[in-house]
Amino acid sequence: TGALEARDKQALQSAGAAAGSKKPPIDPPAIAQAKSLITKIEEEEKVLKALKDATAKRDRALLTKLLLEAAPLDLHDKDEVRQATALKERLDEEAAAVEALREAIKTKDANKLQGFLSRCQEMGINAPEIAEAKALMEKLAAEGAAVQVRNADYADPVRLWDPVAERRPRHVRGLVNRAAIALEQG
(Lines give C-alpha, C1' and ligand atoms only; values in the text may rest on other atoms or scores of the structure.)
Protein backbone atom coordinates (compact mmCIF):
# COMPACT_ATOMS: atom_id res chain seq x y z
CA THR A 1 0.00 0.00 0.00
CA GLY A 2 2.98 2.35 0.50
CA ALA A 3 3.84 2.11 -3.19
CA LEU A 4 0.23 2.91 -4.06
CA GLU A 5 0.23 6.04 -1.91
CA ALA A 6 3.65 7.12 -3.19
CA ARG A 7 2.64 6.42 -6.80
CA ASP A 8 5.99 4.67 -7.20
CA LYS A 9 5.72 3.01 -10.59
CA GLN A 10 8.78 0.77 -10.21
CA ALA A 11 7.72 -0.46 -6.79
CA LEU A 12 4.21 -1.13 -8.09
CA GLN A 13 5.59 -3.08 -11.06
CA SER A 14 7.90 -5.09 -8.79
CA ALA A 15 5.06 -5.90 -6.40
CA GLY A 16 2.82 -6.91 -9.29
CA ALA A 17 5.52 -9.15 -10.76
CA ALA A 18 6.20 -10.74 -7.36
CA ALA A 19 2.50 -11.39 -6.75
CA GLY A 20 2.13 -12.88 -10.24
CA SER A 21 5.10 -15.22 -9.78
CA LYS A 22 3.66 -16.87 -6.67
CA LYS A 23 2.05 -20.31 -6.96
CA PRO A 24 -0.91 -19.81 -7.07
CA PRO A 25 -0.66 -16.13 -8.19
CA ILE A 26 -1.85 -13.60 -5.65
CA ASP A 27 -4.53 -11.32 -7.05
CA PRO A 28 -6.01 -9.32 -4.18
CA PRO A 29 -7.73 -5.97 -4.81
CA ALA A 30 -4.48 -4.13 -4.02
CA ILE A 31 -2.77 -5.81 -7.00
CA ALA A 32 -5.64 -4.81 -9.33
CA GLN A 33 -5.45 -1.29 -7.94
CA ALA A 34 -1.67 -1.27 -8.50
CA LYS A 35 -2.11 -2.40 -12.13
CA SER A 36 -4.70 0.32 -12.68
CA LEU A 37 -2.43 2.93 -11.13
CA ILE A 38 0.51 1.80 -13.28
CA THR A 39 -1.65 2.23 -16.39
CA LYS A 40 -2.68 5.73 -15.22
CA ILE A 41 0.92 6.73 -14.44
CA GLU A 42 2.06 5.51 -17.87
CA GLU A 43 -0.74 7.50 -19.54
CA GLU A 44 0.27 10.60 -17.54
CA GLU A 45 3.92 10.13 -18.53
CA LYS A 46 2.94 9.76 -22.16
CA VAL A 47 0.85 12.96 -22.12
CA LEU A 48 3.55 14.92 -20.24
CA LYS A 49 6.23 13.83 -22.71
CA ALA A 50 3.99 14.73 -25.64
CA LEU A 51 3.28 18.13 -24.05
CA LYS A 52 7.00 18.75 -23.66
CA ASP A 53 7.60 17.89 -27.33
CA ALA A 54 4.66 20.01 -28.53
CA THR A 55 5.93 22.92 -26.42
CA ALA A 56 9.37 22.62 -28.01
CA LYS A 57 7.77 22.60 -31.47
CA ARG A 58 5.37 25.50 -30.60
CA ASP A 59 2.57 23.43 -32.16
CA ARG A 60 -0.63 25.22 -31.15
CA ALA A 61 -3.07 22.58 -32.43
CA LEU A 62 -1.19 19.74 -30.76
CA LEU A 63 -0.91 21.71 -27.50
CA THR A 64 -4.67 22.25 -27.53
CA LYS A 65 -5.32 18.54 -28.09
CA LEU A 66 -2.84 17.42 -25.42
CA LEU A 67 -4.06 19.92 -22.82
CA LEU A 68 -7.55 18.51 -23.32
CA GLU A 69 -6.12 15.03 -22.76
CA ALA A 70 -4.26 16.22 -19.64
CA ALA A 71 -7.32 17.82 -18.02
CA PRO A 72 -9.06 14.63 -16.83
CA LEU A 73 -5.72 13.24 -15.62
CA ASP A 74 -5.49 16.09 -13.09
CA LEU A 75 -2.00 17.14 -14.16
CA HIS A 76 -2.49 20.89 -13.66
CA ASP A 77 0.30 21.04 -11.05
CA LYS A 78 2.94 19.63 -13.43
CA ASP A 79 5.51 21.98 -15.00
CA GLU A 80 4.91 20.57 -18.47
CA VAL A 81 1.20 21.44 -18.24
CA ARG A 82 1.85 24.93 -16.86
CA GLN A 83 4.42 25.64 -19.58
CA ALA A 84 2.19 24.23 -22.32
CA THR A 85 -0.77 26.26 -21.05
CA ALA A 86 1.27 29.48 -20.98
CA LEU A 87 2.67 28.82 -24.45
CA LYS A 88 -0.76 28.00 -25.87
CA GLU A 89 -2.14 31.26 -24.46
CA ARG A 90 0.76 33.13 -26.07
CA LEU A 91 0.26 31.35 -29.41
CA ASP A 92 -3.47 32.16 -29.22
CA GLU A 93 -2.60 35.84 -28.67
CA GLU A 94 -0.18 35.77 -31.60
CA ALA A 95 -2.76 34.13 -33.85
CA ALA A 96 -5.35 36.73 -32.86
CA ALA A 97 -2.88 39.56 -33.56
CA VAL A 98 -2.00 38.16 -36.99
CA GLU A 99 -5.70 37.67 -37.81
CA ALA A 100 -6.43 41.27 -36.80
CA LEU A 101 -3.53 42.39 -39.00
CA ARG A 102 -4.94 40.36 -41.92
CA GLU A 103 -8.30 42.07 -41.45
CA ALA A 104 -6.65 45.50 -41.37
CA ILE A 105 -4.79 44.63 -44.59
CA LYS A 106 -8.06 43.56 -46.18
CA THR A 107 -9.84 46.80 -45.22
CA LYS A 108 -6.78 48.99 -45.95
CA ASP A 109 -7.42 50.93 -42.76
CA ALA A 110 -4.14 52.75 -42.11
CA ASN A 111 -4.88 53.42 -38.42
CA LYS A 112 -5.72 49.78 -37.71
CA LEU A 113 -2.80 48.63 -39.84
CA GLN A 114 -0.38 50.75 -37.83
CA GLY A 115 -1.82 49.59 -34.52
CA PHE A 116 -1.86 45.89 -35.31
CA LEU A 117 1.52 46.07 -37.05
CA SER A 118 2.99 47.61 -33.90
CA ARG A 119 1.30 44.96 -31.76
CA CYS A 120 2.73 42.14 -33.89
CA GLN A 121 6.19 43.65 -33.81
CA GLU A 122 6.02 44.12 -30.02
CA MET A 123 5.13 40.44 -29.70
CA GLY A 124 8.08 39.48 -31.91
CA ILE A 125 5.84 37.88 -34.52
CA ASN A 126 7.62 37.16 -37.78
CA ALA A 127 4.76 36.34 -40.15
CA PRO A 128 4.49 37.07 -43.89
CA GLU A 129 1.64 39.44 -43.08
CA ILE A 130 4.13 41.81 -41.43
CA ALA A 131 5.93 42.49 -44.71
CA GLU A 132 2.61 42.76 -46.53
CA ALA A 133 1.33 45.27 -43.96
CA LYS A 134 4.51 47.35 -44.17
CA ALA A 135 4.30 47.46 -47.97
CA LEU A 136 0.63 48.45 -47.79
CA MET A 137 1.45 51.20 -45.27
CA GLU A 138 4.08 52.59 -47.65
CA LYS A 139 1.60 52.44 -50.54
CA LEU A 140 -1.12 54.17 -48.51
CA ALA A 141 1.34 56.88 -47.42
CA ALA A 142 2.37 57.48 -51.03
CA GLU A 143 -1.26 57.60 -52.16
CA GLY A 144 -2.05 60.01 -49.33
CA ALA A 145 0.82 62.29 -50.36
CA ALA A 146 -0.37 62.21 -53.97
CA VAL A 147 -3.91 63.11 -52.87
CA GLN A 148 -2.56 66.06 -50.88
CA VAL A 149 -0.65 67.35 -53.91
CA ARG A 150 -3.71 66.91 -56.12
CA ASN A 151 -5.94 68.61 -53.53
CA ALA A 152 -3.54 71.57 -53.52
CA ASP A 153 -3.91 71.72 -57.32
CA TYR A 154 -7.68 71.81 -57.06
CA ALA A 155 -7.57 74.44 -54.31
CA ASP A 156 -5.73 76.91 -56.57
CA PRO A 157 -7.34 77.44 -60.00
CA VAL A 158 -4.15 78.96 -61.43
CA ARG A 159 -2.18 75.91 -60.31
CA LEU A 160 -4.86 73.70 -61.89
CA TRP A 161 -5.17 75.35 -65.31
CA ASP A 162 -1.65 76.75 -65.96
CA PRO A 163 -0.13 73.30 -66.61
CA VAL A 164 -3.05 72.44 -68.92
CA ALA A 165 -2.60 75.64 -70.93
CA GLU A 166 1.19 75.13 -71.09
CA ARG A 167 1.14 71.45 -72.06
CA ARG A 168 -1.77 71.70 -74.49
CA PRO A 169 -1.89 75.19 -75.98
CA ARG A 170 -4.79 74.22 -78.29
CA HIS A 171 -6.93 72.84 -75.44
CA VAL A 172 -9.88 75.21 -75.55
CA ARG A 173 -11.25 74.53 -72.08
CA GLY A 174 -7.80 74.99 -70.52
CA LEU A 175 -7.28 78.30 -72.34
CA VAL A 176 -10.79 79.59 -71.58
CA ASN A 177 -10.55 78.68 -67.89
CA ARG A 178 -7.07 80.23 -67.60
CA ALA A 179 -8.30 83.38 -69.30
CA ALA A 180 -11.32 83.56 -66.97
CA ILE A 181 -8.99 83.30 -63.95
CA ALA A 182 -6.76 86.04 -65.37
CA LEU A 183 -9.82 88.30 -65.87
CA GLU A 184 -10.98 87.64 -62.29
CA GLN A 185 -7.57 88.43 -60.86
CA GLY A 186 -7.34 91.60 -62.97
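Only this structure's heavy atoms are used, side chains among them; waters, hydrogens and symmetry mates stay out.
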request  = State the CG-CG distance between Leu51 and Leu63, to the nearest 0.5 angstrom.
outcome  = 6.5 Å
key: Non-hydrogen atoms of Lys40 and Leu73 that approach each other most closely   = NZ-O, 4.1 Å
message = Check this for me, if you would: do Lys65 and Glu69 make a salt bridge, where the nitrogen-to-carboxylate-oxygen distance has to be below 4.0 angstrom?
response = yes
message = So which atom in Ile105 and which in Leu113 form the shortest heavy-atom distance, rounded to 0.1 Å?
response = CG1-CD2, 3.7 Å
request  = List in chain and number order the residues that pass side chain to side chain donor-acceptor pair (under 3.5 Å) with Arg119, two or more places apart in sequence or in another chain; answer none if no residue qualifies.
outcome  = none
request  = Output yes when a side-chain donor or acceptor of Arg82 lies under 3.5 Å from a complementary backbone atom of Asp77, and no otherwise.
outcome  = yes
Pair Glu103 + Lys106, salt bridge at N-O below 4.0 Å = yes
request  = To the nearest 0.5 angstrom, please state how far the CZ atom of Phe116 sits from the CG atom of Asp109.
outcome  = 9.0 Å
query = According to a 4.5 Å side-chain heavy-atom criterion applied to Ile, Leu, Val, Met, Phe, Trp and Tyr, with indirect links allowed, do Tyr154 and Val147 form part of one hydrophobic cluster?
reply = no
inquiry  = Show the nearest heavy-atom pair for residues Asp59 and Leu62, with the distance to one decimal.
reply    = OD1-N, 3.0 Å
task = Kindly indicate, with the supporting measurements, whether the criterion salt bridge (charged side-chain N to carboxylate O under 4.0 Å, His left out) is fulfilled by Lys49 and Asp53.
result = CA-CA 6 Å; Lys49 182 184 180 320; Asp53 292 344; 3.0 Å; yes
query = Does the distance from a Lys or Arg side-chain N to an Asp or Glu carboxylate O, for Asp92 and Lys88, drop under 4.0 Å?
reply = yes
inquiry  = Could you check whether any side-chain heavy atom of Glu80 comes within less than 4.5 Å of a side-chain heavy atom of Thr55, counting everything from C-beta outward?
reply    = no
key: Steps toward side chain to side chain contact (heavy atoms under 4.5 Å, CB included) verdict (Thr85, His76)   = CA-CA 9 Å; Thr85 300; His76 60 276; over 6 Å; no
task = Flag the pair Arg102 and Glu99 as a salt bridge only when some basic side-chain nitrogen lies within less than 4.0 angstrom of an acidic carboxylate oxygen.
result = yes
inquiry  = Tell me whether the count of non-hydrogen atoms from other residues, nucleotides or ligands lying under 6.0 Å of CG in Asn126 goes above 12.
reply    = no
request  = Output the distance between atom CD (Glu42) and atom CD (Glu44), rounded to the nearest 0.5 Å.
outcome  = 10.5 Å
inquiry  = Is there a continuous path of hydrophobic side-chain contacts, each under 4.5 Å between heavy atoms, that joins Leu48 to Ile41?
reply    = no
Nearest heavy atoms of Ala97 and Met123, plus distance in Å = CB-SD, 4.0 Å
ask   = If you measure from CG on Asp79 to NZ on Lys52, what distance do you get to the nearest 0.5 Å?
value = 10.0 Å
Electrostatic pair Lys134:Glu138 at N-O distance under 4.0 angstrom = no
query = Do the non-hydrogen side-chain atoms of Glu132 and Pro128 ever get within less than 4.5 Å of each other?
reply = no
task = Would you name the heavy atoms of Arg159 and Asp153 that are closest together and state the gap between them?
result = NE-OD1, 2.8 Å
Check residues 162-172 and write down every donor-acceptor pair under 3.5 Å in which the side-chain atom is one partner and the other belongs to a residue at least two apart or another chain.
{"unit_1": "Asp162", "atom_1": "OD1", "unit_2": "Arg178", "atom_2": "NE", "d": "2.3"}
{"unit_1": "Arg167", "atom_1": "NE", "unit_2": "Pro163", "atom_2": "O", "d": "3.3"}
{"unit_1": "His171", "atom_1": "ND1", "unit_2": "Gly174", "atom_2": "N", "d": "2.9"}

query = Between Ile130 and Leu101, does a side chain to side chain contact (heavy atoms under 4.5 Å, CB included) hold up when you go through it step by step?
reply = CA-CA 8 Å; Ile130 301 290; Leu101 184 60; 3.9 Å; yes
query = Can we say Glu143 and Arg150 salt-bridge, meaning some charged N sits less than 4.0 Å from an Asp/Glu carboxylate O?
reply = no
task = Using a strict 4.0 Å threshold on nitrogen-to-oxygen distance, state whether Arg90 and Glu94 make a salt bridge.
result = yes
request  = Please name all residues satisfying salt bridge (charged side-chain N to carboxylate O under 4.0 Å, His left out) with Asp74, sequence neighbours left out, ordered by chain then number.
outcome  = none
task = Compare every heavy atom of Leu66 with every heavy atom of Val47, then report the nearest pair and how far apart it is.
result = CG1-O, 4.0 Å
